[in-house]
Structure formats: C-alpha cells, structure tokens
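A quick write-up on the structure given underneath.
Each chain gets a letter, A, B and so on, in the order the sequences are listed, and its residues count up from 1.
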Number of protein chains: 2
Amino acid sequence: MSKSNRQMRLGAFLMQTGHHVAAWRHPDAQADAGSNFRHYVEIARLAEAAKFDAIFLADSSGIRSTDQGSLARSARSVFFEPLTLLSALAAVTERIGLIATVSTSFHEPYNVARKFASLDQISGGRAGWNLVTSSSRSEAQNFNYDDLPEHDTRYERAAEFHDIVLGLWDSWADDSFLRDKASGIYLDTDTLRVLDHRGPHFKVRGPLNVARSPQGRPVVVQAGASEAGRALAARTAEVIFVAHQTLEEAQTFYADIKGRLPAYGRDPDDVKIMPGIFPVIGRTQAEAEEKFEALQSRIDPVVGVSLLATVIGGIDLSGYDVDGPIPELPQTNGPKSRQHLVVELARRDKLTIRELYLRIAGARGHQQIVGTPQTIADQLQQWFEEGAADGFNIMPAWLPGGLADFVELVLPELRRRGLFRTEYEGTTLREHLGLARPARGALPAA
Amino acid sequence: MSKSNRQMRLGAFLMQTGHHVAAWRHPDAQADAGSNFRHYVEIARLAEAAKFDAIFLADSSGIRSTDQGSLARSARSVFFEPLTLLSALAAVTERIGLIATVSTSFHEPYNVARKFASLDQISGGRAGWNLVTSSSRSEAQNFNYDDLPEHDTRYERAAEFHDIVLGLWDSWADDSFLRDKASGIYLDTDTLRVLDHRGPHFKVRGPLNVARSPQGRPVVVQAGASEAGRALAARTAEVIFVAHQTLEEAQTFYADIKGRLPAYGRDPDDVKIMPGIFPVIGRTQAEAEEKFEALQSRIDPVVGVSLLATVIGGIDLSGYDVDGPIPELPQTNGPKSRQHLVVELARRDKLTIRELYLRIAGARGHQQIVGTPQTIADQLQQWFEEGAADGFNIMPAWLPGGLADFVELVLPELRRRGLFRTEYEGTTLREHLGLARPARGALPAA
C-alpha cells in the first residue's frame, strides 16, 4: 500500500502507431495511425475511461528523417499537427487533459497564446502546452533558416516567448465579461491589461482576443534537461517530462529541480516531475519478453542505425560497423543531455551500435520496463516514493494494444496499492494534476 | 423554377453572436458566443442539417477595437481562433465544409500548410483556407511590427505564401503510403517531392509531414477586391467571398474575375464567386422590418461611429457631428475597395454619419435584404441567374435565430425553385462546391 494519500500523475504519451520504432509492423498495430483520426478517438477514450491525467503529443515541424532508407521504413513521417488533433479530440472527450507540443522557435507567441487559450475554452479547462525549442536542422530549414539557431539563443527566445504567452493569457480577468443586454455594456475595460511587450526577440502589444482560461491559464509543460532547460523549467514549468535510465539519475534530477524552486518563490508541489516510462507488460515475465521480442525482431537495421543517429544528435553512423563500438562523438547543438544519457549507457554496458539501437528502439533514452504488472508497479512505486517522480508519462510500445495492456494489467495493481485514482476529482487538467489555479498577474519573476 | 440544373453554393458565415453589431443584445442571442463551444456545435449542426456547403469563420489577430467606449460595448473582442474551433467542430459534424481564415502576414507557410492538411485529414476532406493579408495596425503590433506592411508588400508575400503552401500540400502522392508490414516498407520515397523553395519572403525546404489531403488539397478561398487582390484571386482562388451593394457592381466584378481566368489556364467553373448576403427574414415585410428595427434600435452611437471608422479604414470620426455629412477621407493602407464602396454609398444616398452606420451595422458593406422568403429568394435567384454570383455567403444577423430563419423560411423557397440541394451529393467540400479534385503538381502558373 501507499505510504500516504499522495497520488501518481499519469500521462498517456501517444506516438502514432506506438513508441517502439517497429510498432507499425506489429500485427495488431494501426499502421495508418498518423492519418487516422478514428484511431486517436479510440485511444483518447480508452485513456479517459482509465482516468489518465492527460494525453500528450510530441511534435516535429518537419519529417523526422531525410535518409531515404530509413524514411522508406518509418511510420513517423506523416502525422497530425498536435493542436489541430487535440482540438478535435476535445470535442469527443469530457475530462482528460490535452497536452500539445508547440515549438517556440518556429511560431509567434500571439498565435500560440490564442490557440491554447481557445483549446482551453473549448475543452472546459483541459489544455496544456509542452514548450520546446526544437533541435533539428531539418525543421529549421522549413522556417527560413539555413541552420538551427544556437542552443542558448533558442532558450533565450523560449524564455521571452513564455513570458509573453503568460502575459497575454492574463489580458482579461475572470469577471471581465458582464454581457448586460439592458445597458449595452459587454465588458469592463478597467479589468483589461495591455501587455505592450518589447524585448530582444519580440514586440507584442496585446491584449489577447480570447477570454481568460477556465483553469486560469493552460498548464505549462517542459522537457529540457540541459542547464538552460533546467533553469527555464525551474522558473516556469508546471510539469516536467524527462528521460532517465536509473533511479539514481532520476533522484538527482528531481532533487535538483525541486531545490531550484525556492529561488523563484515556488513550492515543491508547484512542479510535477514525470519521467517517461516505456512498459511492455505480460501476465508472466516470459510473456512480457515474448511481446518485446516480437517488436525487437521487426527492427530493420537501416531504421535502427538511423534512429540511434538521431537520438545522439544527428551524427552520421552509416560508415561504422553495426556490430562495432560507438565512436567518439563531437559536441553538438542538439539535445545535449539526451545524447549524454545514451552515450553513457553505451559506455557503461559496453554496447555495439546494434546493441545500443536495440536498447533505445522503444524508449529512446527513457526507462524501459519489460515485466509483469507487479514488477512494473513495484518500480513505479519505488520511483514515486523515493524522491524520483511525482508521476509518469506512459509510452505505449504499440497502439492500441500497449495502452490497453497498461490499463487492464498495471492500473488495477496501482489502484490496489492506493497509488492512482479510480475517478477524476475535478474537471480541469490543473485539478487532475493537483496544481493550484494561478492568480492573474502573478507572473514568474524574470 | 431554375432555368437550368445549376445549383447555388451556400456558406454560413458565422460571427460569434451574429453579424449585426448589436446582435448580442437581441433577447434570443447567445451573448457569450465567442467563448461558448456548445453554441458553435448547435449552429454547425443546424447548418449541416440544412445542407450548407460550408461554415465560414472570419478572423482578426487582435482585438477589433482599442477605443475604450466601443470596446466596452462590443461582443467581438474575444472569440475562438478559427482553426482551433473548426478542428473541434470537425469531430462533431460529418459532411459540412469547414473554412477558416488565416492571415499570410502573421504566420509561417509551413505551419499553415500543416494545420489545414491535418484538418482535412481529420474531417475527411472538408477543409478550406480563406487566405487574407490582414489590414489593421493593431494586429501588426502583436507580431513585431510597429505598423502594417504596405498593401503591395502584403500581397507579394501572400502570393509567395500561397505557392509554398500548395507546393507543400503536394509533397506526397495519394498512393505514397504502402504500409507493408511484411516487407517493412512503409512508404515509397520515389513519390516524395521536396519543395526547396527560396524566394524573396521565405525559404522553406519541405516536405510536409502530413499525408496528401483526402480532397487532393484543401480549398483556397479569398476575399480581396483590390487590383492586387483580384489578380491573386484570378490565379489562385477557388472560392471568392466578396461584398457588393448592387446587382450591377456584382455583375461587373463577376465578369472581371471570370474574364481573367483564361490567362491562367483556368475555366469559369474553377472559381465560385459568393457575395455576402445579410438577410433579415419575416413571414411578411412588416415582420421582417420589425425584426430589423429590433436590432437597429439597440445600436449604441458609440459603437456605430466606431464600427464605421473601422470599415472605412481606421479613420477617427469621433470629432465629427454624428448627424452631419461624412468628411473627405484620405487614402489609406487598409482594404481600399471596401472603404470605397461604403463612401460611395454615403455620397450616392447623401447620408449622415449616423445614417451610414445604421446602413452598415449589419452587413458591413455586403448586400442587406430585409424581406420575406419570396423577396429574398427572388434577389438571390436574380443574382445567381444574371451573372452576379455562383452562390452566397449567408451572414445571419443574430445567432442562432437568424440562421434558423434562413433555414426554415428561405431554403424551402430556394428548393421549390430547384436552386439548392436537398441532400449532399458528395462527402468533401470540393464535391459540395462542384470543384474538380486537383491533380498533384498542377500548380498555378506563377
């Protein structure tokens, strides 16, 4: 049983056909998931019936691979733009949170503020924004750049972008709109705030043309693990998605982030840290391993090497022996910490290129657990109770089966232990996550 | 009866509480429409049950007024971002087209191409993009500008933006995706086209990360009536929304546009011209006039003068006598032709400021008809049969009542005359409009 009444937060991280790179070849996988809206309706309703806090969509502002060999074998080149998809799902769900990734590098803050504010209104307070800076040159080339802006420049822009969006979300008060048909007064102009932002990256006057969010403001989510990413997250994030391989790494990160919060006038409970977990679940260990092998055996080496190259920062591995060691890698302008974790994993376990891509094919640097409902619940409970996590972002290996397994097999075990809800306590994403409704104008200190 | 089997195209142009500026004060109006998703679900379903070709949403990337007096009395300051709203409505409708306005001045073409392509997938081929360039300084100031770019610059950017979006929509072929689980080949890379656009305003590499649209490409809609607007529309538009006061004006515009098409290798049927119509409908003429007066009498003069100032190009009229004549107006950088139409109306009928704002309070320069189902159907039929229109964009005075009146009273009359469908003939917006499915790569000549 749980040592307290503290409840795990659970996100359902949906990746088209599933997180495993060969997921689409699974006999039960929905191979056309990236263009099949009914598939997402089915999954969203499954996650909502199971009382997940939110569904979560990653994003890329371009195709993920330009290498012809892996491109031909990848199910991840075409997919729905996340905000468009979540807006549609908002209309066919009632309670589950809706978290979409939108890059600060390739959008304008006024548009992003509007869209999330609109989604929050449409969904009755269920919107969350996963703020990312993007990290690939191929994306940048779709937006007038020859190359990606520098890491630090991207984070400076992201920080300013965040503050503008929050300022715009506070344009109106909860009670700005009187709508008095008799007097003809629709709104109280005294409550209006015009942001009039002028900074190094943006000039944005405001106000926003969307009413204040039902949950005060949409929830801000982040995933950056670099120093710049942690500093931004400690000041601004309300949820942090993160990748860890071991309990110790997760505890160190958790303590680091929670320890940074007081400097920004924030409490530990103001930020929920949710590592990604890639579970493959069997009623027995043997059944779990069989399910995993059914996926692993379907990885084409062309795809495996290409995936590994992407995870470690866009480096070309095609000239190296797939059964030889990982080469020395230069510093890159990519997601430094993810690269670091993966290379450390290879060194620690002395892996070949093939062995390494097989290790990360599913979880891409996140914690992978192939086991029974008991062993998976044990590990989630340990991380949850020993200062490593406030909850988890569940990454189903294939869809819909991988999510259905978690719902049918692991959730009952977590509930038996008193670790996860049986019914939603509230109606908004903030309420699900146990985050306070923000007061208007209480902007994070710059 | 109709002289042929040619059918009218009808759009339902939805404006929060309705098109009349005092609509929100109508006893039956949904005063919180701009923040009420259920309101839009009700209206979209009403329009779909009536077999409208599409619902249409205008847009502004900012609040429409910064004058405190009119701002306090306006129901148009907060509203849903159109693509977010239409994505949600896609999930709760089955057949009706979904046309959203998105400005080329304040977005990136890759994002716009993605979002409409996603909406088209989600809706099963029902998306349309109303391409506008935006025309207000207050919007520009939300996007790093001190002032609006010049009219011609905006149109140059719009033309390049359009061509990029269409090029991105053609990234994939209809049959690019093999999804062969056995061989592991997901897609045919030989069918992929990388745009690699490099122009004066944009560098966009591509390809798009969304599969080809169910209707080939989303439908492109435009509303520009200036020379630059007409030139762009003749080359690129598939639907043109336009404002006219008289049959003669409408005929002249219609002939001008259709006459420009052959130069671009296009046929008259490739572009549907749909003037806006603002109907107020009564079973008798007296009842119609009573309904209209119920709205007109609710216009606060502060709102009326401010609305007029906006329509004629952002000029300050507050120093002039409301019962005096319209002053001489300078050239502006705004929507020239709309301004011209309204000023011509004032001169022709020798109107005061008050009389003029009362004239445009509903229709804002579009054709206003206060009458019985027969008189309204007569006029629509005349415009439709005498070379002025291929259909109409219906602008309900207030919602939901104004749309319900059109559906219950005018549509049966149009159907009796054989002018409007009783059932959808197809499933996509293109099929509703009678537009051919575009061949891939048949880009308009530059």
Side-chain angles (χ1 to χ4, degrees), chain A residues 24-25 27 31-32 34-35 37 41 60-63 68 71-75 77-81 83-85 87-92 106-108 110-111 114-115 118-119 121-122 138 141-144 172 177 179 181 184-189 202-207 209-211 298 300, chain B residues 24-25 27 31-32 34-35 37 41 60-63 68 71-75 77-81 83-85 87-92 106-108 110-111 114-115 118-119 121-122 138 141-144 172 177 179 181 184-189 202-207 209-211 298 300:
Chain A
W24 73 270
R25 299 181 69 185
D32 67 351
S35 304
F37 177 56
V41 173
S60 169
S61 296
I63 64 169
Q68 298 287 300
L71 179 61
R73 293 164 177 81
S74 169
S77 295
V78 292
F79 48 94
F80 297 116
E81 190 280 325
L83 262 174
T84 311
L85 177 56
S87 301
L89 291 176
V92 293
F106 308 132
H107 291 80
E108 289 290 331
Y110 197 89
N111 292 332
R114 269 187 94 188
K115 283 170 190 290
S118 296
L119 177 60
Q121 293 283 349
I122 287 169
S138 63
Q141 290 177 339
N142 292 327
F143 297 89
N144 308 318
W172 303 96
F177 301 95
R179 304 188 181 106
K181 290 185 178 185
I185 299 297
Y186 193 82
L187 59 87
D188 177 2
T189 55
F202 299 103
K203 280 188 293 187
V204 180
R205 188 157 191 283
N209 54 6
V210 185
R298 289 183 162 92
D300 191 309
Chain B
W24 73 271
R25 298 181 70 185
D32 67 351
S35 304
F37 177 56
V41 173
S60 168
S61 296
I63 63 170
Q68 298 287 298
L71 179 60
R73 291 163 179 83
S74 169
S77 294
V78 292
F79 49 93
F80 297 116
E81 191 281 323
L83 262 175
T84 311
L85 177 56
S87 301
L89 291 176
V92 293
F106 308 132
H107 291 81
E108 288 290 332
Y110 197 88
N111 292 330
R114 269 188 94 190
K115 284 170 191 289
S118 296
L119 177 60
Q121 292 284 348
I122 288 170
S138 63
Q141 290 178 339
N142 291 327
F143 296 89
N144 308 317
W172 303 97
F177 300 96
R179 304 188 182 105
K181 291 185 178 186
I185 299 297
Y186 193 82
L187 59 87
D188 177 2
T189 55
F202 300 102
K203 280 189 293 188
V204 180
R205 187 158 193 285
N209 56 5
V210 185
R298 289 183 163 92
D300 190 308

Check your understanding: Are the side chain of B:Lys115 and the backbone of A:Thr84 linked by a donor-acceptor contact shorter than 3.5 Å?
Key ->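 No: the side chain of B:Lys115 does not pair with the backbone of A:Thr84.
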Check your understanding: Are the side chain of B:Thr189 and the backbone of A:Gln68 linked by a donor-acceptor contact shorter than 3.5 Å?
Key ->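 Absent.
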Between chain B and each of [options], count heavy-atom pairs under 4.5 Å; write down the option with the most.
options                      : answer
A:Asn144, A:Val210, A:Val204 : A:Asn144
A:Gly34, A:Pro27, A:Ser60    : A:Ser60
A:Arg114, A:Gln121, A:Gln141 : A:Arg114

Review point. So A:Tyr186 and A:Arg179, side chain to side chain donor-acceptor pair (under 3.5 Å) or not? Walk me through it.
Key: CA-CA 4 Å; A:Tyr186 193 82; A:Arg179 304 188 181 106; 3.1 Å; yes
Which pair of heavy atoms, one from [X] and one from [Y], lies closest together, and at what distance?
X        : Y        : value
A:Ala88  : B:Ile122 : CB-CG2, 3.8 Å
A:Leu71  : A:Ser77  : CD1-OG, 3.0 Å
B:Trp24  : A:Gly184 : CZ2-O, 3.3 Å
A:Phe143 : A:Ser61  : CE1-CB, 3.5 Å

Which of [options] touches chain A most, by non-hydrogen pairs under 4.5 Å:
options                    : answer
B:Val41, B:Leu119, B:Asp32 : B:Asp32
B:Gly206, B:Ser87, B:Ala91 : B:Ser87
B:Ala211, B:Gly62, B:Ser35 : B:Gly62

**Study point:** Residue B:Ala90 versus chain A: region with a heavy atom under 4.5 Å
**Key:**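 Neither part; nothing is under 4.5 Å.
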Practice item. Let me know if B:Asn111 has heavy atoms under 4.5 Å from chain A in its side chain, its backbone, both or neither. Key: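 For B:Asn111, heavy atoms of backbone and side chain both lie under 4.5 Å from chain A.
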What part of [X] gets closer than 4.5 Å to chain B, counting heavy atoms only: side chain, backbone, both or neither?
X       : answer
A:Phe37 : side chain
A:Ser74 : backbone
A:Phe79 : both

Check your understanding: According to the interplanar angle, ranging from 0 to 90°, do the rings of A:Phe177 and A:Trp172 count as parallel (below 30°), tilted (30 to 60°) or perpendicular (above 60°)?
Key -> tilted
